[in-house]
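So you know, we letter chains A, B, ... as the sequences are listed, proteins then strands, and number each from 1.
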Protein chains: 2
Amino acid sequence: MFGHIDYRNPPELCPVRDVMSVASDQWSILILLWLGYFQVLRFNKLKKYVYGISNKVLSQRLKILEADGYIERKAYPEVPIRVEYNLTEFGQTYVEKLLELAEWMHDNSPKVIANREQYGLN
Amino acid sequence: MFGHIDYRNPPELCPVRDVMSVASDQWSILILLWLGYFQVLRFNKLKKYVYGISNKVLSQRLKILEADGYIERKAYPEVPIRVEYNLTEFGQTYVEKLLELAEWMHDNSPKVIANREQYGLN
DNA sequence: TCATAAGGTTACTTTTTGTAACTTACTCTT
DNA sequence: AAGAGTAAGTTACAAAAAGTAACCTTATGA
């Protein structure tokens with residue numbers, strides 16, 4: 001692992017860092033987690049669950065996540081158009097990892113918040 | 001988990017999202033992983049391993065990570081000053097999670113890169 | 001004829017990052 | 001005695017990313 005992340009390589013030459021910077025992006029994580037929970041979601045539903053994201057960033061992240069192979073986009077030529085997003089099989093395996101992370105966050109965020117407040121007192 | 005991340009709460013009212021946005025930040029992850037690997041690192045060594053990070057962002061991230069309780073900062077009043085950073089016990093538990101994530105990235109980044117290239121062809 | 005709907009895009013503003021020079025305080029070299 | 005070097009940052013300014021809100025398309029139903 002650490003042999004592989006050669007610290008002397010500029011970031012753009014380290015594929016692990018490159019891939020990680022997309023997959024560990026705050027909005028991407030939330031998008032993937034909600035897709036993991038619902039299986040299929042349309043653009044506006046996603047926007048609703050990934051609370052606070054803008055159209056612009058949602059649309060941009062969905063494109064990257066599709067390009068990287070985590071999700072699939074299906075457009076139905078109805079009117080108004082219907083577009084559905086879902087995880088790929090590959091995306092599923094990643095979401096399993098993310099769920100562990102999210103669970104850790106869920107269990108430990110009170111502690112972090114407490115730390116943060118105590119630190120503020122100094 | 002998903003009941004807890006109430007999608008109707010503005011981001012600043014969801015502690016899990018708040019904590020996660022610090023802990024899953026690209027630079028923070030790299031800092032924590034290298035501290036996990038070396039136990040103790042000084043500012044300039046960290047800067048060397050977390051290749052590409054600027055003084056400004058490194059210093060800012062270290063402060064947040066310290067405030068959140070992941071790392072500890074020890075300053076020795078020598079000349080020139082010596083400052084050492086290390087994980088707290090709490091930070092260690094998080095780094096274990098991060099290592100799993102990093103391992104997944106290491107194993108799967110070739111696939112993502114391949115996906116990305118294929119997508120470019122369409 | 002006009003409002004509505006889904007899934008975006010666009011122009012513009014604000015926030016976050018990156019860059020590179022500067023600071024501090026003491027020691028070592030010349 | 002003047003000047004250089006050192007670690008750990010800080011600061012001012014420029015560039016990139018994100019947020020905001022209005023707009024687009026195409027057809028259907030009122």
Asks: Would you call A:Leu30 and B:Met20 a side-chain contact if the rule is heavy atoms closer than 4.5 Å?
Replies: yes
Asks: B:Phe90: which residues meet the side-chain contact (heavy atoms from CB on, under 4.5 Å) condition with it, sequence neighbours left out?
Replies: A:Trp104, A:Asn108, A:Lys111, A:Val112, A:Asn115, B:Tyr70, B:Thr88, B:Thr93
Asks: Output all residues satisfying side-chain contact (heavy atoms from CB on, under 4.5 Å) with A:Glu84, sequence neighbours left out; order by chain, then residue number.
Replies: A:Val40, A:Arg42, A:Tyr76, A:Arg82
Asks: Does atom CD of B:Glu78 have more than 12 heavy-atom neighbours, drawn from other residues, nucleotides or ligands, at distances under 6.0 Å?
Replies: yes
Asks: Tell me, please, the opening and closing nucleotides of DNA chain D, 5' to 3', among those with an atom under 4.0 angstrom from a non-hydrogen atom of chain A.
Replies: D:dA18 to D:dA27
Asks: Can you tell me the distance, in whole Å, between the CD atom of B:Glu78 and the P atom of C:dC28?
Replies: 13 Å
Asks: Establish, yes or no, whether a centroid distance under 6.0 Å links the rings of A:Tyr49 and A:Tyr37.
Replies: no
Asks: Heavy-atom distance under 4.5 Å between the side chains of B:Asp25 and B:Arg61, does that happen here?
Replies: yes
Asks: Do A:Arg116 and B:Asp18 come within less than 4.5 Å of each other through their side chains, counting heavy atoms only?
Replies: yes
Asks: Angle between the two end axes of the helix from C:dT1-D:dA30 to C:dT30-D:dA1, five base pairs per end, rounded to 10 degrees?
Replies: 30°
Asks: Tell me, do A:Lys63 and A:Gln60 make a side-chain contact under 4.5 Å, heavy atoms counted?
Replies: no
Asks: Would you mind reading off the distance between A:Leu58 atom CG and C:dT10 atom P, rounded to a whole angstrom?
Replies: 16 Å
Asks: What I'd like to find out is whether the side chain of A:Leu32 reaches to under 4.5 Å of the side chain of A:Ile71, using heavy atoms alone.
Replies: yes
Asks: Show the atom names and distances, to 0.1 Å, of all donor-acceptor pairs under 3.5 Å that link a side chain in residues 94-102 of chain A to residues at least two apart or in another chain.
Replies:
residue	atom	partner	partner atom	Å
A:Tyr94	OH	A:Ala23	O	2.8

Asks: Taking only side-chain N and O atoms of B:Trp27, does any of them lie within less than 4.0 angstrom of OP1 or OP2 on C:dG18?
Replies: yes
Asks: What protein N or O atoms touch nucleotides 2-9 of chain C N or O atoms at under 3.5 angstrom, if any, and at what distances?
Replies:
residue	atom	partner	partner atom	Å
C:dA6	O3'	A:Arg42	NH2	3.2
C:dA6	O3'	A:Ile81	O	3.1
C:dG7	OP1	A:Arg42	NE	3.2
C:dG7	OP1	A:Val83	N	2.8
C:dG7	OP1	A:Val83	O	3.1
C:dG7	OP2	A:Asn44	N	3.3
C:dG7	OP2	A:Asn44	ND2	3.4
C:dG8	OP1	A:Arg73	NH2	2.9
C:dG8	OP2	A:Tyr85	OH	2.6
C:dG8	N7	A:Asn55	ND2	2.8
C:dT9	OP1	A:Lys63	NZ	3.2
C:dT9	OP2	A:Ser59	OG	2.8
C:dT9	OP2	A:Lys63	NZ	3.2

